[in-house]
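Both backbone and side-chain heavy atoms feed into the values below; hydrogens, waters and symmetry mates do not. Convention: sequence-line order gives letters A, B, ...; per-chain numbering from 1.
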Number of protein chains: 2
Amino acid sequence: MPDPLYRQIAEKLQRMIESGVLPPGAKLPTEPELTRVYKASRNTIRQAVRWLTNRGLVQTRLGQGTYVVQRARPFLTTLSADPDTGLGGGEGEAYREEVRAQGRDPFAPPPRVEIRQATGVIAEELGVPDGSSVVARRQQRYIDEAAFSLQTSYYPMSLVDAGAERLMDAGSIEPGAVHYLREVLGFRQARYRDRITVRAPRAEEAGFFKLPDNGRVSVFETFRTAYDGAGKPFRLTVTVFPADRNQFVVFAGEVPADARKALTAVAASATGNARPNDA
Amino acid sequence: MPDPLYRQIAEKLQRMIESGVLPPGAKLPTEPELTRVYKASRNTIRQAVRWLTNRGLVQTRLGQGTYVVQRARPFLTTLSADPDTGLGGGEGEAYREEVRAQGRDPFAPPPRVEIRQATGVIAEELGVPDGSSVVARRQQRYIDEAAFSLQTSYYPMSLVDAGAERLMDAGSIEPGAVHYLREVLGFRQARYRDRITVRAPRAEEAGFFKLPDNGRVSVFETFRTAYDGAGKPFRLTVTVFPADRNQFVVFAGEVPADARKALTAVAASATGNARPNDA
DNA sequence: GCAAATTTGTTCGTATGTATT
DNA sequence: CAATACATACGAACAAATTTG
């Protein structure tokens, strides 16, 4: 039995998009036009377009039309520690350097600082009792004016008691909290564990990242637990990145310098074109 | 101006799901029932349910009903090299060990082996001319009888010429291709670069992993380029994992043994409950 | 094993609302 | 303000898959 009508129409449009007949940014015919071309009711046409929307191929704009999506240039975050600085990617100074190295423009407003009760994952990862107080430093980051990540770092209150008072400063800690903790408490970074997950965005996240409200684009959520010299966790950093414009890189062992650069070119070659897993 | 009716209905159902009134696995009322309860047409009810479906909260089954989704226990793959064996996660022997370490049951049928022409990413990453021949070894992997990953490793034909003839064997190379290359050509693993991306599944992948056909669940696609002692790439491994049941872990520096174990508990604590990024 | 009932899926038609040009 | 374009909502009929009797 053939596919339902709306699928047939959707697949025809999909082929036009993937073959380049409808290039990124192009406007699809309007619903009444498609109704005439494919001799289907408007509801069926709308169902076909919705199918494309759910797959992230097109995007509809009320009052304007339906357009083939333009993929943003992906940004690469290195998770493994830098062999020179010993810093992991995505945080403070390391973030700004990595953005500039990719020829792009970083911006981060001062963090919001709050005192919260540790619960669930936060308490477990920091090894503090459930309900005890932690400092939460919440940071928004932009690249080329576009929202790029939402990061919250949690520190046990015991660090503040031990002398790291500036953790509770409302402004930025320059050149970075990692650096500050090393100076004040002697903690060396480059001992951490990252966990990388993917999930649907929450409403606030969808708003901040300007994601389509159909739940189509998911977000990466990374959990970084950092340990001090004695192996005790002293920091948990949770970061959310939109999955449609972010990728991660991990280096193991001594990887040639060539392979560390010019990665952006490979990353940008849309996975939609190269299909290394086809049969 | 309030939300449209279908959204109001969807959000009421969403609250029932998230508050536990409708626990995972529960059956939602049928469409005719919802029609009566919310005094909306069947089409509007269906739109509300579709909204929940697009967010991955429920799943409809033709002829049966609509059910609250049950999240599978996530599986963790370690990307950074094992400090003892020097092996990266997700490949050959390392895969089986990691699965058993998490108390689960690995299964992998023998790989399919093909000769292909290198194009795009494959040629670039392996540093071979576009169009030259490569050996592709394609492997399906299961955990607890469920499809878990689809992996293809590419090797330049020059390795076969240099003596690694078994790369073209149809069956498995025990205890693993990495081990074999070290024996025959002296390549040491533990020099590689991983790139982690997320995208919509292709039709074959959705079929193999039994993903819902609405494009809701996306897949991780990881690209691992391995380098020999001279810094020349000798292998590219592309792996696809369903994002709804997989997570990744990266260790940097000497992380305490405690933090390497008991990770599964933290990972399983559904991100749907703990909301570390809320305002 | 078959038929009926139940439940979601597809397709049409129609009317009205809202945002953009 | 008018025309265009997508969004919401209702009603109706039949199809396909599953469960029940």
Exercise. Are B:Arg141 and B:Tyr95 in a cation-pi contact, defined as NZ or CZ under 6.0 Å from the six-membered ring centre and within 45° of the axis?
Worked result: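 Here B:Arg141 passes the 6.0 Å and 45° test against B:Tyr95.
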
Once you round it to whole Å, what is the distance between [atom2] of [N] and [atom1] of [X]?
{"X": "A:Arg7", "N": "C:dT11", "atom1": "CZ", "atom2": "C1'", "value": "16 Å"}
{"X": "B:Leu5", "N": "D:dG11", "atom1": "CG", "atom2": "P", "value": "12 Å"}
{"X": "B:Arg46", "N": "D:dT8", "atom1": "CZ", "atom2": "C1'", "value": "16 Å"}
{"X": "A:Leu28", "N": "D:dT4", "atom1": "CG", "atom2": "C1'", "value": "16 Å"}
{"X": "B:Arg50", "N": "C:dT10", "atom1": "CZ", "atom2": "C1'", "value": "11 Å"}
{"X": "A:Gln8", "N": "C:dT10", "atom1": "CD", "atom2": "P", "value": "12 Å"}
{"X": "B:Tyr6", "N": "C:dG17", "atom1": "OH", "atom2": "P", "value": "18 Å"}
{"X": "A:Gln47", "N": "D:dA7", "atom1": "CD", "atom2": "P", "value": "14 Å"}

Roughly how far, to the nearest 0.5 Å, is the [atom2] atom of [Y] from the [atom1] atom of [X]?
{"X": "B:Gln151", "Y": "B:Thr237", "atom1": "CD", "atom2": "OG1", "value": "5.5 Å"}
{"X": "B:Arg199", "Y": "A:Asp244", "atom1": "CZ", "atom2": "CG", "value": "15.0 Å"}
{"X": "B:Thr77", "Y": "B:Phe241", "atom1": "OG1", "atom2": "CZ", "value": "4.5 Å"}

Problem set entry | Minimum side-chain heavy-atom gap B:Leu13-B:Tyr38 below 4.5 Å |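 When only atoms from C-beta onward are counted, B:Tyr38 and B:Leu13 do touch, with a gap below 4.5 Å.
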
Exercise. Is B:Val219 close to B:Leu211 at the side-chain level, that is, under 4.5 Å between some pair of heavy atoms?
Worked result: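 Yes. Closest side-chain heavy atoms under 4.5 Å.
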
Exercise. Using a heavy-atom distance cut-off of less than 4.0 Å, which residues of residues 31-43 of chain A contact DNA chain D?
Worked result: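 The answer is A:Glu31, A:Arg42, A:Asn43.
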
Residues 44-53 of chain B side chain polar contacts: donor-acceptor under 3.5 Å, at least two apart:
unit_1  : atom_1 : unit_2  : atom_2 : d
B:Thr44 : OG1    : B:Ser41 : OG     : 3.2
B:Arg46 : NH1    : B:Glu31 : OE2    : 2.8
B:Thr53 : OG1    : B:Val49 : O      : 2.8

Problem set entry | Members of residues 55-70 of chain A that approach DNA chain C, where some heavy atom sits under 4.0 Å away |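 Output list: A:Leu62, A:Gly63, A:Gln64.
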
Problem set entry | Sidechain N-carboxylate O distance under 4.0 Å for A:Arg7, B:Asp213 |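 Answer for the salt bridge query: yes.
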
Exercise. For atom NZ of B:Lys27, is the number of surrounding heavy atoms from other residues, nucleotides or ligands below 6.0 Å larger than 12?
Worked result: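 Enclosed.
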
Exercise. For D:dT8, does OP1 or OP2 lie under 4.0 Å from any side-chain N or O of B:Thr44?
Worked result: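 No, no such contact exists.
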
